[in-house]
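Side chains included, hydrogens not; waters and symmetry mates left out as well; all remaining heavy atoms used. The model shown is predicted, which means the values in this text are computed figures rather than measured ones.
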Amino acid sequence: MTKATVRGRAGTGTSARQRTVAAAVRAASKRAEKARESSLGEEAAATESAVADEASGSGTGADAEAREQAKGAVRDEAGAEKGAKPARRISGVVTAVLAALVVAGLVAAAMLGWEYREDQRTQEARTEALAVARKAAPEILSYDYRHLGRDFAKARAHLTGSFAGNYRKTTTKVVAPTAEKYQGVVTATVAKPPAGGAPAASVVSASPEKVVVLLFMNQVTNSTQVSGPRLDLNRVRMTLVDTSGGWKVSALDAL
(Lines give C-alpha, C1' and ligand atoms only; values in the text may rest on other atoms or scores of the structure.)
Protein backbone atom coordinates (compact mmCIF):
# COMPACT_ATOMS: atom_id res chain seq x y z
CA MET A 1 0.00 0.00 0.00
CA THR A 2 2.81 2.27 0.99
CA LYS A 3 4.75 1.80 -2.30
CA ALA A 4 1.76 2.40 -4.44
CA THR A 5 1.27 5.70 -2.78
CA VAL A 6 4.83 6.67 -3.37
CA ARG A 7 4.56 5.83 -7.06
CA GLY A 8 1.32 7.69 -7.24
CA ARG A 9 2.98 10.72 -5.78
CA ALA A 10 5.96 10.28 -8.04
CA GLY A 11 3.68 10.04 -11.06
CA THR A 12 1.88 12.98 -9.90
CA GLY A 13 5.12 14.99 -9.61
CA THR A 14 6.27 13.94 -13.04
CA SER A 15 2.99 14.98 -14.60
CA ALA A 16 3.21 18.33 -12.87
CA ARG A 17 6.69 18.98 -14.17
CA GLN A 18 5.60 18.02 -17.66
CA ARG A 19 2.75 20.48 -17.47
CA THR A 20 5.07 23.16 -16.22
CA VAL A 21 7.48 22.53 -19.05
CA ALA A 22 4.69 22.55 -21.58
CA ALA A 23 3.39 25.81 -20.18
CA ALA A 24 6.86 27.25 -20.35
CA VAL A 25 7.22 26.12 -23.93
CA ARG A 26 3.88 27.64 -24.84
CA ALA A 27 4.81 30.86 -23.10
CA ALA A 28 8.13 30.96 -24.89
CA SER A 29 6.38 30.27 -28.17
CA LYS A 30 3.91 33.12 -27.53
CA ARG A 31 6.74 35.42 -26.60
CA ALA A 32 8.59 34.49 -29.75
CA GLU A 33 5.44 35.07 -31.80
CA LYS A 34 4.85 38.38 -30.12
CA ALA A 35 8.45 39.30 -30.74
CA ARG A 36 8.08 38.42 -34.39
CA GLU A 37 4.82 40.39 -34.60
CA SER A 38 6.43 43.29 -32.81
CA SER A 39 9.41 43.18 -35.15
CA LEU A 40 7.13 43.05 -38.16
CA GLY A 41 5.07 45.91 -36.76
CA GLU A 42 8.16 48.00 -36.17
CA GLU A 43 9.38 47.23 -39.69
CA ALA A 44 5.97 48.11 -41.10
CA ALA A 45 5.85 51.23 -39.02
CA ALA A 46 9.34 52.16 -40.14
CA THR A 47 8.36 51.46 -43.72
CA GLU A 48 5.21 53.51 -43.37
CA SER A 49 7.19 56.27 -41.69
CA ALA A 50 9.75 56.19 -44.47
CA VAL A 51 7.01 56.24 -47.07
CA ALA A 52 5.29 59.01 -45.21
CA ASP A 53 8.55 60.94 -44.91
CA GLU A 54 9.24 60.41 -48.57
CA ALA A 55 5.74 61.45 -49.44
CA SER A 56 6.02 64.36 -47.07
CA GLY A 57 9.38 65.26 -48.53
CA SER A 58 8.00 65.03 -52.02
CA GLY A 59 4.98 67.09 -51.06
CA THR A 60 7.14 69.62 -49.28
CA GLY A 61 9.42 69.89 -52.26
CA ALA A 62 6.51 70.34 -54.59
CA ASP A 63 4.94 72.86 -52.25
CA ALA A 64 8.25 74.63 -51.85
CA GLU A 65 8.70 74.76 -55.59
CA ALA A 66 5.15 76.02 -56.00
CA ARG A 67 5.74 78.60 -53.29
CA GLU A 68 8.99 79.67 -54.92
CA GLN A 69 7.21 79.95 -58.26
CA ALA A 70 4.40 81.98 -56.63
CA LYS A 71 6.94 84.19 -54.88
CA GLY A 72 8.77 84.65 -58.16
CA ALA A 73 5.52 85.57 -59.88
CA VAL A 74 4.69 88.03 -57.09
CA ARG A 75 8.15 89.52 -57.29
CA ASP A 76 7.86 89.79 -61.05
CA GLU A 77 4.43 91.39 -60.72
CA ALA A 78 5.69 93.72 -58.00
CA GLY A 79 8.67 94.62 -60.14
CA ALA A 80 6.44 95.24 -63.12
CA GLU A 81 4.11 97.32 -60.94
CA LYS A 82 7.06 99.31 -59.58
CA GLY A 83 8.30 99.84 -63.09
CA ALA A 84 4.82 100.78 -64.27
CA LYS A 85 4.18 103.29 -61.47
CA PRO A 86 7.07 105.62 -62.38
CA ALA A 87 6.07 105.28 -66.01
CA ARG A 88 2.49 106.20 -65.14
CA ARG A 89 3.68 109.07 -62.96
CA ILE A 90 5.93 110.35 -65.75
CA SER A 91 3.11 109.95 -68.22
CA GLY A 92 0.73 111.79 -65.86
CA VAL A 93 3.23 114.60 -65.35
CA VAL A 94 3.82 114.92 -69.08
CA THR A 95 0.08 114.97 -69.72
CA ALA A 96 -0.45 117.62 -67.04
CA VAL A 97 2.38 119.75 -68.42
CA LEU A 98 1.06 119.46 -71.95
CA ALA A 99 -2.46 120.32 -70.77
CA ALA A 100 -1.12 123.33 -68.87
CA LEU A 101 0.83 124.45 -71.94
CA VAL A 102 -2.24 124.07 -74.12
CA VAL A 103 -4.38 126.05 -71.66
CA ALA A 104 -1.68 128.71 -71.33
CA GLY A 105 -1.44 128.90 -75.11
CA LEU A 106 -5.20 129.28 -75.45
CA VAL A 107 -5.29 131.95 -72.75
CA ALA A 108 -2.37 133.79 -74.36
CA ALA A 109 -4.04 133.56 -77.76
CA ALA A 110 -7.30 134.82 -76.28
CA MET A 111 -5.51 137.69 -74.55
CA LEU A 112 -3.60 138.59 -77.71
CA GLY A 113 -6.82 138.44 -79.69
CA TRP A 114 -8.60 140.62 -77.13
CA GLU A 115 -5.72 143.12 -77.06
CA TYR A 116 -5.66 143.21 -80.85
CA ARG A 117 -9.40 143.88 -80.99
CA GLU A 118 -9.08 146.56 -78.30
CA ASP A 119 -6.25 148.22 -80.21
CA GLN A 120 -8.32 148.15 -83.37
CA ARG A 121 -11.32 149.62 -81.58
CA THR A 122 -9.15 152.30 -79.97
CA GLN A 123 -7.65 153.30 -83.29
CA GLU A 124 -11.12 153.53 -84.81
CA ALA A 125 -12.27 155.59 -81.81
CA ARG A 126 -9.35 158.01 -82.21
CA THR A 127 -10.08 158.56 -85.88
CA GLU A 128 -13.84 158.93 -85.51
CA ALA A 129 -13.77 161.10 -82.37
CA LEU A 130 -11.11 163.44 -83.78
CA ALA A 131 -13.20 164.02 -86.89
CA VAL A 132 -16.28 164.75 -84.76
CA ALA A 133 -14.30 167.14 -82.54
CA ARG A 134 -13.03 169.17 -85.50
CA LYS A 135 -16.59 169.57 -86.75
CA ALA A 136 -18.33 170.07 -83.39
CA ALA A 137 -15.97 172.62 -81.82
CA PRO A 138 -16.68 175.45 -84.32
CA GLU A 139 -20.44 174.90 -84.05
CA ILE A 140 -20.45 174.79 -80.24
CA LEU A 141 -18.33 177.94 -79.88
CA SER A 142 -19.99 180.00 -82.63
CA TYR A 143 -23.27 181.94 -82.58
CA ASP A 144 -24.95 184.92 -84.22
CA TYR A 145 -27.43 187.13 -82.35
CA ARG A 146 -29.68 187.14 -85.46
CA HIS A 147 -30.41 183.37 -85.18
CA LEU A 148 -29.38 182.22 -81.75
CA GLY A 149 -32.04 179.53 -81.52
CA ARG A 150 -30.81 177.81 -84.65
CA ASP A 151 -27.14 178.09 -83.64
CA PHE A 152 -27.71 176.77 -80.14
CA ALA A 153 -29.82 173.87 -81.43
CA LYS A 154 -27.08 172.93 -83.88
CA ALA A 155 -24.55 173.00 -81.04
CA ARG A 156 -26.75 170.90 -78.71
CA ALA A 157 -26.91 168.16 -81.35
CA HIS A 158 -23.24 167.44 -80.58
CA LEU A 159 -23.68 167.30 -76.79
CA THR A 160 -24.64 164.61 -74.32
CA GLY A 161 -25.14 164.03 -70.62
CA SER A 162 -24.99 166.79 -68.05
CA PHE A 163 -22.94 168.99 -70.35
CA ALA A 164 -25.93 169.34 -72.67
CA GLY A 165 -28.05 170.60 -69.77
CA ASN A 166 -25.36 173.02 -68.60
CA TYR A 167 -24.92 174.38 -72.13
CA ARG A 168 -28.65 175.03 -72.42
CA LYS A 169 -28.73 176.94 -69.15
CA THR A 170 -25.64 179.00 -69.98
CA THR A 171 -26.73 179.95 -73.48
CA THR A 172 -30.25 180.75 -72.36
CA LYS A 173 -29.42 182.85 -69.31
CA VAL A 174 -26.06 184.40 -70.19
CA VAL A 175 -25.01 184.14 -73.82
CA ALA A 176 -28.31 184.85 -75.52
CA PRO A 177 -29.16 188.08 -73.58
CA THR A 178 -25.62 189.45 -74.01
CA ALA A 179 -25.45 188.59 -77.72
CA GLU A 180 -28.81 190.21 -78.37
CA LYS A 181 -27.95 193.33 -76.40
CA TYR A 182 -24.59 193.95 -78.07
CA GLN A 183 -25.38 192.30 -81.40
CA GLY A 184 -22.67 189.77 -80.83
CA VAL A 185 -21.40 187.49 -83.53
CA VAL A 186 -18.73 184.93 -82.69
CA THR A 187 -17.14 182.83 -85.40
CA ALA A 188 -14.92 179.97 -84.22
CA THR A 189 -12.61 177.85 -86.38
CA VAL A 190 -9.97 175.24 -85.64
CA ALA A 191 -6.57 176.84 -86.20
CA LYS A 192 -4.44 175.67 -89.09
CA PRO A 193 -0.68 175.79 -89.44
CA PRO A 194 0.58 178.84 -91.42
CA ALA A 195 2.00 176.56 -94.09
CA GLY A 196 -1.29 174.76 -94.38
CA GLY A 197 -2.19 171.25 -93.40
CA ALA A 198 -4.61 169.57 -91.04
CA PRO A 199 -6.40 171.64 -88.37
CA ALA A 200 -4.55 171.92 -85.07
CA ALA A 201 -6.25 169.15 -83.14
CA SER A 202 -4.77 166.04 -81.59
CA VAL A 203 -5.85 163.15 -79.41
CA VAL A 204 -4.66 163.35 -75.80
CA SER A 205 -6.02 159.98 -74.67
CA ALA A 206 -8.25 157.35 -76.18
CA SER A 207 -10.13 154.18 -75.42
CA PRO A 208 -12.85 152.42 -77.37
CA GLU A 209 -15.53 154.32 -75.38
CA LYS A 210 -13.89 157.67 -74.57
CA VAL A 211 -11.52 160.09 -76.33
CA VAL A 212 -10.02 163.38 -75.16
CA VAL A 213 -9.01 165.87 -77.83
CA LEU A 214 -6.98 169.08 -77.59
CA LEU A 215 -7.91 171.82 -80.08
CA PHE A 216 -6.43 175.21 -80.91
CA MET A 217 -9.29 177.56 -81.73
CA ASN A 218 -9.46 180.94 -83.39
CA GLN A 219 -12.48 183.01 -82.31
CA VAL A 220 -13.36 186.25 -84.09
CA THR A 221 -15.86 188.42 -82.18
CA ASN A 222 -17.89 191.29 -83.59
CA SER A 223 -20.19 193.38 -81.40
CA THR A 224 -21.13 196.91 -80.58
CA GLN A 225 -18.65 196.84 -77.72
CA VAL A 226 -15.61 196.62 -79.99
CA SER A 227 -14.63 198.88 -82.86
CA GLY A 228 -13.63 196.02 -85.09
CA PRO A 229 -13.25 192.27 -85.20
CA ARG A 230 -11.41 190.85 -82.20
CA LEU A 231 -9.35 187.68 -82.61
CA ASP A 232 -8.97 185.37 -79.64
CA LEU A 233 -6.67 182.37 -79.73
CA ASN A 234 -7.93 179.72 -77.38
CA ARG A 235 -7.07 176.19 -76.45
CA VAL A 236 -9.88 173.90 -75.50
CA ARG A 237 -10.00 170.35 -74.23
CA MET A 238 -12.92 168.37 -75.50
CA THR A 239 -14.07 165.03 -74.09
CA LEU A 240 -16.11 162.78 -76.33
CA VAL A 241 -17.92 159.54 -75.50
CA ASP A 242 -19.33 156.85 -77.73
CA THR A 243 -23.14 156.76 -77.55
CA SER A 244 -25.91 155.03 -79.43
CA GLY A 245 -26.13 158.17 -81.56
CA GLY A 246 -22.40 158.28 -82.32
CA TRP A 247 -19.60 160.26 -80.72
CA LYS A 248 -20.90 163.10 -78.54
CA VAL A 249 -19.24 165.85 -76.51
CA SER A 250 -19.55 165.27 -72.75
CA ALA A 251 -17.25 168.10 -71.60
CA LEU A 252 -15.53 171.23 -72.99
CA ASP A 253 -12.93 173.14 -70.99
CA ALA A 254 -10.99 176.27 -71.90
CA LEU A 255 -7.27 176.00 -71.06
Could you report the tightest heavy-atom contact between [X] and [Y], atom names first, then the distance?
X	Y	answer
Trp247	Pro208	CH2-O, 3.6 Å
Ala125	Val211	O-CG2, 3.8 Å
Ala254	Val236	CA-CG1, 4.3 Å

Does the side chain of [X] reach to within under 4.5 Å of the side chain of [Y], using non-hydrogen atoms?
X	Y	result
Val204	Val213	no
Asp151	Asp144	yes
Ile140	Leu159	yes
Leu231	Gln219	no

Legend entry - All salt bridge (Lys or Arg N to Asp or Glu O under 4.0 Å) counterparts of Glu118, not counting sequence neighbours: Arg121
Legend entry - Pairing residues for Asp119 by the salt bridge (Lys or Arg N to Asp or Glu O under 4.0 Å) criterion, not counting sequence neighbours: none
When rounded to the nearest 0.5 angstrom, what is the spacing between [atom1] in [X] and [atom2] in [Y]?
X	Y	atom1	atom2	value
Ser142	Lys154	OG	NZ	9.0 Å
Ser202	Arg126	OG	CZ	8.5 Å
Leu255	Leu215	CG	CG	10.0 Å

Legend entry - Main-chain N/O of Met217 paired with Asn234 side-chain donor or acceptor, under 3.5 Å: no
Legend entry - Polar side-chain atom of Lys248 near backbone of Gly161 as donor-acceptor pair, under 3.5 Å: no
Connected via hydrophobic side-chain network under 4.5 Å: [X] and [Y]:
X	Y	value
Val102	Val97	no
Val203	Val212	no
Leu141	Phe163	yes
Val220	Leu233	yes

Pairs of donor and acceptor atoms involving the side chains of residues 237-245, under 3.5 Å and at least two apart or interchain, shall be tabulated with distances.
{"residue": "Thr243", "atom": "OG1", "partner": "Gly245", "partner atom": "N", "Å": "3.2"}
{"residue": "Thr243", "atom": "OG1", "partner": "Gly246", "partner atom": "N", "Å": "3.4"}
{"residue": "Thr243", "atom": "OG1", "partner": "Gly246", "partner atom": "O", "Å": "2.6"}

Check residues 176-201 and write down every donor-acceptor pair under 3.5 Å in which the side-chain atom is one partner and the other belongs to a residue at least two apart or another chain.
{"residue": "Thr178", "atom": "OG1", "partner": "Val174", "partner atom": "O", "Å": "2.9"}

Inset, instruction - Could you name each residue pair satisfying salt bridge (charged side-chain N to carboxylate O under 4.0 Å, His left out) that touches residues 128-140, not counting sequence neighbours? - result: none
Side-chain donor-acceptor pairs of residues 166-173 under 3.5 Å, sequence neighbours excluded:
{"residue": "Asn166", "atom": "ND2", "partner": "Ser162", "partner atom": "O", "Å": "3.4"}
{"residue": "Thr170", "atom": "OG1", "partner": "Asn166", "partner atom": "O", "Å": "2.9"}
{"residue": "Thr171", "atom": "OG1", "partner": "Tyr167", "partner atom": "O", "Å": "2.8"}
{"residue": "Thr171", "atom": "OG1", "partner": "Arg168", "partner atom": "O", "Å": "3.1"}
{"residue": "Thr172", "atom": "OG1", "partner": "Arg168", "partner atom": "O", "Å": "2.6"}

